[in-house]
2 protein chains.
Amino acid sequence: MRLLDLLGRRWALRIVWELREHPRRFRELQDAIKASPTTVNARLAELRAARLIQLDPASGYRLTVEGRELLRLFLPLHVWSEKWAKKLPT
Amino acid sequence: MRLLDLLGRRWALRIVWELREHPRRFRELQDAIKASPTTVNARLAELRAARLIQLDPASGYRLTVEGRELLRLFLPLHVWSEKWAKKLPT
DNA sequence: CCAGTGCGCTACAATTTATGTAGCATACTG
DNA sequence: CAGTATGCTACATAAATTGTAGCGCACTGG
């Protein structure tokens, strides 16, 4: 599954998630997810190649139309995970 | 996001995916996803701790009720990804 | 009794990936 | 021309993953 190859990498889905509301700068993303610039940049490159995000020089990294579709489909999963997480130990 | 911490690791979501139809044995999973036993075992332990999968000695690893919920929510995403993947280069 | 098989899983060295920190190059601003 | 923000790279260290071998246990057929 191509999607899992991409999203099953550390920070990939998390970056999409951070872009859910508005575009973010490289450094903003870095701070938000607390990963190294090396890794952030690697994931950004992959997500760009996958056409899920794009860099708009004026405002920063943002979701593409496809990125927003992906996010929209992911939302129910997020809602579910809130309840799920509460039931877990620790 | 707790869910992303868990699923944003290599093979985690893939394992859930492989269990979608029926239970699988340790070695079956290993062969199916072609990862090392070390990693498979690490992910299995995490998924078990997260109560998404469970080991039934009689039949192998299987999704829990919660695991099946997660999978169900993931399905639309999978459908979408088929179309998405086709539009990509390489 | 005991060799054979399937099971979940571990040991361990090698490789790949991520981290943390520093800094580059460019562009814009006062 | 100093200051700042931008995306991003270099590089050494640490962590995760891989590949291969094999352990310990239970069960099975001869």
Side-chain angles (χ1 to χ4, degrees), chain A residues 1-64 66-68 88-90, chain B residues 1-64 66-68 88-90:
Chain A
M1 245 190 110
R2 181 85 178 258
L3 185 66
L4 294 186
D5 292 346
L6 177 66
L7 299 186
R9 320 211 83 168
R10 220 164 169 192
W11 308 125
L13 199 46
R14 176 67 187 273
I15 285 177
V16 172
W17 183 249
E18 291 298 336
L19 297 180
R20 83 200 103 111
E21 304 218 314
H22 45 76
R24 288 191 178 274
R25 292 296 180 181
F26 190 95
R27 278 178 173 74
E28 281 185 289
L29 274 174
Q30 214 185 288
D31 293 349
I33 74 183
K34 286 170 180 54
S36 72
T38 321
T39 310
V40 171
N41 193 40
R43 288 301 92 78
L44 286 175
E46 291 161 8
L47 289 168
R48 288 168 83 173
R51 302 190 202 288
L52 293 177
I53 67 173
Q54 62 188 149
L55 175 55
D56 172 9
S59 57
Y61 283 98
R62 58 169 56 209
L63 297 176
T64 61
E66 283 154 325
R68 260 172 275 134
L88 288 181
T90 5
Chain B
M1 246 191 108
R2 181 86 180 260
L3 186 66
L4 294 184
D5 293 345
L6 177 65
L7 299 185
R9 321 210 78 163
R10 219 163 169 193
W11 307 125
L13 200 46
R14 177 66 188 275
I15 286 177
V16 172
W17 183 249
E18 290 298 337
L19 298 180
R20 83 200 104 109
E21 304 217 316
H22 46 76
R24 287 193 178 274
R25 292 293 178 184
F26 190 96
R27 278 179 172 75
E28 282 184 290
L29 274 174
Q30 213 185 290
D31 292 349
I33 74 184
K34 285 168 181 55
S36 73
T38 320
T39 309
V40 171
N41 192 42
R43 288 303 90 79
L44 286 176
E46 291 162 6
L47 290 168
R48 288 168 84 172
R51 303 190 201 287
L52 294 177
I53 67 173
Q54 64 188 39
L55 175 54
D56 172 8
S59 57
Y61 283 98
R62 58 170 49 201
L63 297 177
T64 60
E66 284 154 324
R68 259 172 276 135
L88 289 180
T90 3

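Each chain gets a letter, A, B and so on, in the order the sequences are listed, and its residues count up from 1. Model, not experiment: these values are computed from the prediction.
Residue pairs meeting the salt bridge (Lys or Arg N to Asp or Glu O under 4.0 Å) criterion with at least one member in residues 52-64 of chain B, sequence neighbours excluded: Asp56(B)-Arg62(B). Screening residues 27-42 of chain B for salt bridge (Lys or Arg N to Asp or Glu O under 4.0 Å) gives Arg24(B)-Glu28(B) as the qualifying pairs, with residues at least two apart or on separate chains.
For the OP1/OP2 pair of dG8(C) and a distance below 4.0 Å, the side-chain nitrogens and oxygens of Arg48(B) include no atom meeting the criterion.
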Between the protein and nucleotides 27-29 of chain C, list every N/O to N/O distance that falls short of 3.5 Å.
none

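Under the salt bridge (charged side-chain N to carboxylate O under 4.0 Å, His left out) criterion, Glu66(B) pairs with Lys87(A), sequence neighbours left out. Partners of Ala42(A) under the side-chain contact (heavy atoms from CB on, under 4.5 Å) rule, at least two apart in sequence or in another chain, do not exist in this structure. The side-chain hydrogen bond (donor to acceptor under 3.5 Å, both in side chains) check on Arg25(B) picks up nothing, with sequence neighbours excluded. Arg10(B) meets the salt bridge (charged side-chain N to carboxylate O under 4.0 Å, His left out) test with no other residue; sequence neighbours excluded.
The overall bend of the helix from dC1(C)-dG30(D) to dG30(C)-dC1(D), read as the angle between its terminal helix axes built from five base pairs each, is 10° when rounded to 10 degrees.
Side-chain proximity of Asn41(B) to dA18(C), dA16(D), dC9(C): nearest is dC9(C).
Of the residues in residues 10-26 of chain B, Arg10(B), Trp11(B) come within less than 4.0 Å of DNA chain D through at least one heavy atom, sorted by number. Remark: Ala35(A), Ser36(A), Pro37(A), Thr38(A), Thr39(A) in residues 33-40 of chain A come within less than 4.0 Å of DNA chain C through at least one heavy atom.
Sequence order on DNA chain D of the closest nucleotides to Ala42(B) and Ser59(A) puts Ser59(A) first from the 5' end.
Partner of Leu44(A) under the side chain to side chain contact (heavy atoms under 4.5 Å, CB included) criterion, out of Leu55(A), Leu29(A), Thr39(A): Leu29(A) alone.
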Just list the side-chain donor-acceptor pairs under 3.5 Å for residues 45-54 of chain B, sequence neighbours left out, or say none.
from     : atom 1 : to       : atom 2 : distance (Å)
Glu46(B) : OE1    : Arg43(B) : NE     : 2.8
Glu46(B) : OE2    : Arg43(B) : NH2    : 3.2
Arg48(B) : NH1    : Tyr61(B) : OH     : 3.2

